[in-house]
Amino acid sequence: MPLNCSSLASRVPLILGGLKTTATTRVGGGGVLFNFFNKTHQNNSLCIASLPLNKRNDSKRFCLSSSSSSSSSSSVMEGIKDSGFSTREIEKYSKELDIAVRAVQMACSLCQKVQESLISKTNSQVQAKDDNSPVTVADWSVQATVSWILSETLGSRNVAIVAEEDVQTLSKPDSAGLLEAVVQTVNDCLAEAPRFGLKAPGTVLGSSEVLEAISRCNSAGGPSGRFWALDPVDGTLGFVRGDQYAVALALIEDGEVVLGVLGCPNYPMRKEWLSYHHRYHRIISKLTPPTSESWDKGCVIYARRGSGEAWMQPLIQGHKKLMWPNSATPVRVSTIENPALATFCEPVEKANSSHSFTAGLAHSVGLRKQPLRVYSMVKYAAIARGDAEVFMKFARAGYKEKIWDHAAGFVIIQEAGGVVTDAGGCPLNFSKGMYLEGLDRGIIACAGVKLHEKIIKAVDASWNSSSL
């Protein structure tokens with residue numbers, strides 16, 4: 001019988017989720033203003049279980065109570081104190097978040113250009129890995145670009161990165177043309193760094209420097225220290241097909257995800273469009289007035305642990321400059337609790353998740369809508385933004401979940417008010433290296449606790465009869 005932590009999970013919707021202050025902190029170069037904490041007391045419980053491992057007593061599953069009768073600064077500060085976070089701890093990731101959002105904005109711009117090229121013509125810029133999954137010029141180029149930006153802005157000695165791609169394919173003698181395309185793409189992107197509020201290289205990067213930036217992402221992760229988890233193009237198959245994909249970047253410190261950024265270049269502003277193939281929009285857009293905002297694609301969603309908020313800003317289009325915080329708006333999970341009204345997401349590819357098992361779970365808990373099958377961590381963004389209520393993934397035996405596929409989405413949903421655990425109700429563990437070791441059967445993300453509890457119970461009831 002698997003360990004069931006659903007009683008714990010029901011009390012872990014978010015950290016400081018009910019707190020709202022009105023602090024404004026100056027971060028980054030050039031006096032950039034970054035607003036955070038803008039919430040009043042909405043909930044009266046702060047859960048010990050959602051605190052960092054070194055700030056909680058795991059043998060005690062109980063919630064701290066905080067008064068909701070006053071929204072004064074003294075009450076807020078008391079709530080922060082009770083939660084185990086100091087204001088200094090909450091503010092210290094401001095610079096990193098600022099840089100990460102700018103880097104992801106740049107990476108999305110790069111991806112859009114490469115995707116347009118892939119859609120418009122067939123070329124040799126798509127390769128296959130050892131597991132037959134695709135990798136493109138965008139994967140290597142984004143990894144090199146983000147690696148270079150983080151190292152230059154934070155200091156190479158202070159930056160460790162766990163990322164998906166390596167340089168083996170690019171280093172082969174017959175890959176000279178592919179490497180040349182990556183180097184050109186990286187330099188074209190970095191040349192536009194000032195448009196995103198970042199410093200461009202003094203000189204054009206050569207092949208060796210680009211390969212070094214990619215190979216620098218060789219951290220093994222682990223339970224101590226600070227490292228970044230990067231998926232340069234999450235959902236490469238969707239990317240190649242002109243559909244949904246994401247650029248995912250998260251910062252992990254002492255095994256805890258402390259900030260996450262998701263770039264979703266093809267995310268439409270109306271969730272109805274998510275169920276349509278992106279190429280279908282290309283046809284429809286020619287038939288609709290130019291002023292139509294039904295698609296209005298592209299956004300970056302980000303959150304910092306302990307803030308109790310997640311934010312969304314539009315992608316920078318054309319030759320515009322990023323003016324922080326770029327019309328950022330807060331996002332929250334849906335308030336729908338009735339399963340009959342809820343929308344659930346799952347991976348597109350059957351190889352990555354059992355559609356039959358999730359269909360059975362959906363039926364047993366009363367989820368009546370057709371599943372929303374979306375590539376990549378866009379599923380996490382959909383829940384954080386309130387466009388869907390449930391994400392379920394149950395991989396087949398032998399498949400190991402990588403931390404870069406979940407870290408950014410995990411913290412964003414939590415700070416937006418949702419719950420993300422394994423199928424036993426236990427928090428995801430990012431302290432074991434590159435993989436989510438000890439994962440109980442699958443991953444369940446929900447907008448609310450009630451839906452989460454129902455799905456956990458349904459998994460327990462039907463798991464033994466599954467073929468997973």
Of R226, R102, R305, which meets salt bridge (charged side-chain N to carboxylate O under 4.0 Å, His left out) against E96?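 It is R226; the other options fail the test.
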
If only side-chain N and O atoms count, and only distance matters, is there a donor-acceptor pair under 3.5 Å linking S376 with Q244?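 No, no side-chain donor-acceptor pair sits under 3.5 Å.
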
Test item: side-chain donor near acceptor, D139 and Q143, under 3.5 Å: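 Side chains of D139 and Q143: no pair found under 3.5 Å.
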
Determine yes or no for a side-chain-to-main-chain donor-acceptor pair under 3.5 angstrom, with [X] supplying the side chain and [Y] the backbone.
{"X": "E389", "Y": "A447", "value": "no"}
{"X": "N266", "Y": "D243", "value": "yes"}
{"X": "D234", "Y": "M377", "value": "yes"}

Decide, yes or no, whether a salt bridge links [X] with [Y] under the criterion of side-chain N to carboxylate O below 4.0 Å.
{"X": "E453", "Y": "K457", "value": "no"}
{"X": "R195", "Y": "E192", "value": "yes"}
{"X": "D98", "Y": "R304", "value": "no"}
{"X": "K393", "Y": "E401", "value": "yes"}

Passing option when I301 is tested against V378, I413, I412, V104 for side-chain contact (heavy atoms from CB on, under 4.5 Å): I412

Minimum side-chain heavy-atom gap Q370-T343 below 4.5 Å: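 Result no, sub-4.5 Å side-chain heavy-atom pair not found.
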
Aromatic rings H406 and Y380: how do their planes relate, parallel, tilted or perpendicular, breaks at 30° and 60°? perpendicular

